[in-house]
Amino acid sequence: MRSTGIRRTLVALGVGALALTACGSDGDDAADGTTRITVNCMPPKSAKVDRQFFEDEIAAFEKKNPDIDVVPHDAFPCQDPKTFDAKLAGGQMEDVFYTYFTDARHVVDINQAADLTPYVKELKSYATVQQQLRDIYTVDGKIYGIPRTGYSMGLVYNRDLFEKAGLDPDTPPATWDEVRTAAKRIAALGDGVVGYADYSAQNQGGWHFTAELYSQGGDVVGADGKNATVDTPEGRAVLRTLHDMRWKDESMGSKQLLVINDVQQMMGAGKLGMYLAAPDNIPILVKEKGAEYENLAIAPMPGGKATLVGGDGYMFSKNATPEQIRAGLKWLDHMFLTPGDGFLGDYARAKQNDAPVGLPEPRLFTGAADAKDQQVKKANANVPVENYQAFLAGNQKLEMKIEPPHAQQLYSVLDGVVSAVLTKEDADIDQLLKDASGKIDGILSRS
């Protein structure tokens with residue numbers, strides 16, 4: 001699940017849609033010694049600025065590497081769950097192809113990924129990438145992919161509504177009890193204002209339940225990956241909080257079965273106090289939903305235990321030649337893994353094109369590389385970075401947890417649990433979790 005929606009489209013530098021895919025690998029090593037690679041995730045023609053950036057970077061890369069020919073493909077979405085496996089099995093995937101974090105192990109399990117371990121030492125930036133992100137593409141000690149970007153969930157909130165409700169917008173809620181208290185005060189403003197909103201349809205309710213369960217210190221699946229762990233005190237705490245906010249406090253509004261667009265519309269219209277999201281929601285709220293940067297802030301995930309993380313990266317076709325793997329790694333280094341430069345990191349160019357610079361994520365690097373990336377970002381910031389400091393500071397104390405295995409199937413089960421709690425005042429939380437646990441066990445047993 002993506003932070004801006006089901007299989008979200010990443011907003012490249014806040015300008016336009018980036019998460020796009022392609023079809024049919026036709027990469028090869030040419031007779032003249034040129035190595036040809038096909039790559040996907042090229043922005044479409046409709047995203048004119050992003051596409052120009054992408055094309056400019058490929059041209060710059062090929063100028064520096066005249067022995068490499070990069071053939072980009074574009075389509076939508078970057079990875080379509082309905083066709084992804086079929087393309088892999090049919091040999092139609094590009095030489096260098098985009099994946100969500102949650103699909104990395106699956107691609108390896110079906111034997112469709114090249115082992116990059118012998119080559120990754122040639123990727124000069126690899127050691128600077130956060131270890132927890134590198135680990136996502138490492139299976140049984142072998143490296144099968146390269147992270148490109150990542151996100152973590154937090155609490156997006158409306159500073160103006162906080163002030164009107166007598167709350168300090170510089171001290172956002174840190175616990176779920178504080179969220180509940182703040183939501184009740186915001187809802188009391190009336191005029192259709194909702195204190196806190198959550199998703200409960202199209203698998204998005206299950207996704208947010210998972211994030212909220214992580215925040216309570218729980219998990220959806222046990223460490224062995226074989227059994228559900230939702231029928232627990234932590235699972236009941238998540239649902240009890242949602243139930244009480246909805247029915248006792250009446251701070252979540254009467255309209256339920258919401259999805260991400262509904263909630264973003266509410267926030268953009270100034271009618272919502274808080275909801276869970278990643279920082280990349282902020283430019284969407286401004287550019288598409290009518291909000292203002294100065295009025296939006298983000299805090300770390302309430303609860304103080306953990307937060308859900310996601311993101312994407314690139315893997316290589318199992319049929320890629322050693323020359324194509326080496327060329328692809330060079331391309332990734334240029335496009336995405338050079339601090340303060342490349343397609344995603346050229347903040348000066350982004351600022352010149354009225355893209356938001358200064359959002360707290362993605363934060364891909366560590367050490368000196370991270371320091372350089374943050375320095376360039378700060379120098380070109382054009383959004384109120386002070387509104388994101390709580391998020392940055394709080395995330396340092398949280399465990400970062402990736403989505404569970406078979407995420408979409410599990411989210412479908414948990415969707416029903418969340419929607420029942422938010423639409424039925426007498427919902428039996430214990431029975432809902434017991435039933436969900438059995439269904440999840442069945443899914444895991446068939447995997």
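Values below: every heavy atom of this structure, side chains too, minus hydrogens, waters and symmetry copies.
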Pair Asp74-Arg51, salt bridge (Lys or Arg N to Asp or Glu O under 4.0 Å): steps then yes or no: CA-CA 10 Å; Asp74 69 80; Arg51 190 179 181 93; 2.9 Å; yes
Trace of the side chain to side chain contact (heavy atoms under 4.5 Å, CB included) decision for Ile146 with Val120: CA-CA 9 Å; Ile146 308 299; Val120 77; 4.1 Å; yes
Working for side chain to side chain donor-acceptor pair (under 3.5 Å), residues Ser152 and Glu361: CA-CA 8 Å; Ser152 61; Glu361 285 184 340; 2.5 Å; yes
Side chain to side chain donor-acceptor pair (under 3.5 Å) evaluation trace for Thr149 with Asp312: CA-CA 6 Å; Thr149 187; Asp312 54 50; 5.2 Å; no
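With sequence neighbours excluded, the residues satisfying side-chain contact (heavy atoms from CB on, under 4.5 Å) with Asn380 are Tyr347, Ala348, Lys351, Val357, Val376. For Gln374, the side-chain contact (heavy atoms from CB on, under 4.5 Å) partners two or more places apart in sequence, or in a different chain, are Arg363, Asp370, Lys377. Looking at residues two or more places apart in sequence or on another chain, you find a side chain to side chain donor-acceptor pair (under 3.5 Å) between Tyr275 and Asn281. Remark: Leu88 pairs with Phe84, Asp85, Met93, Phe97, Val107, Ile110, Gln112 by the side-chain contact (heavy atoms from CB on, under 4.5 Å) rule, at least two apart or across chains. When the side chain to side chain donor-acceptor pair (under 3.5 Å) test is applied to Asp435, the partners found at least two apart in sequence or on another chain are Gln431. With sequence neighbours left out, Glu292 forms a side chain to side chain donor-acceptor pair (under 3.5 Å) with no residue at all. Partners of Pro172 according to the side-chain contact (heavy atoms from CB on, under 4.5 Å) rule, which considers only residues two or more places apart in sequence or in another chain, are Tyr157, Ala299, Ala390.
A side-chain donor-acceptor contact under 3.5 Å links Gln256 to the backbone of Gly253.
For the residue pair Asp219/Thr229, the side-chain donor-acceptor check at 3.5 Å is not satisfied. Between Thr117 and Tyr144, the side chains place no donor N or O within less than 3.5 Å of an acceptor N or O (distance only, hydrogens not considered). In summary, the side chains of Asp103 and Gln79 do present a donor paired with an acceptor at a separation below 3.5 Å, with no hydrogens or angles considered.
Sorted by first and then second residue, the side-chain hydrogen bond (donor to acceptor under 3.5 Å, both in side chains) pairs with a member in residues 231-245 read Asp231-Arg236, Thr232-Glu234, Arg240-His243; sequence neighbours excluded. Applying the salt bridge (Lys or Arg N to Asp or Glu O under 4.0 Å) test to pairs two or more places apart or on separate chains, none has a residue in residues 129-146. For residues 294-310, the side-chain hydrogen bond (donor to acceptor under 3.5 Å, both in side chains) pairs, not counting sequence neighbours, are Asn158-Asn295. Legend: side-chain hydrogen bond (donor to acceptor under 3.5 Å, both in side chains) pairs involving residues 163-172, not counting sequence neighbours, sorted by first then second residue: Arg159-Asp170, Asp160-Lys164, Asp168-Thr171.
Note that Arg349 lies in the cation-pi zone of Phe53, set by a 6.0 Å cut-off to the ring centre and a 45° limit from the axis.
Checked options Gln202, His406, Glu403; the residue passing with Tyr411 is Glu403 (criterion: side chain to side chain donor-acceptor pair (under 3.5 Å)). Residue Leu116 is tested with Phe316, Tyr126, Tyr314 for a side-chain contact (heavy atoms from CB on, under 4.5 Å); the sole match is Phe316.
The two residues Val383 and Leu359 have their closest heavy-atom pair at CG2-N, 4.0 Å. Between Trp331 and Val96, the shortest heavy-atom distance links the atoms CZ3-CG1, 4.3 Å.
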With a 3.5 Å cut-off and sequence neighbours excluded, list the donor-acceptor pairs that the side chains of residues 186-198 form with protein atoms.
| residue | atom | partner | partner atom | Å |
| --- | --- | --- | --- | --- |
| Asp191 | OD2 | Lys271 | NZ | 3.1 |
| Tyr196 | OH | Asp198 | OD2 | 3.4 |
| Tyr196 | OH | Glu212 | OE2 | 3.3 |
| Asp198 | OD1 | His208 | ND1 | 2.7 |

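Note: Phe343 and Phe54 meet the aromatic proximity criterion, with ring centroids under 6.0 Å apart.
Under a cut-off of 6.0 angstrom, the local environment of CD in Gln265 is crowded, with over 12 non-hydrogen atoms contributed by other residues, nucleotides or ligands.
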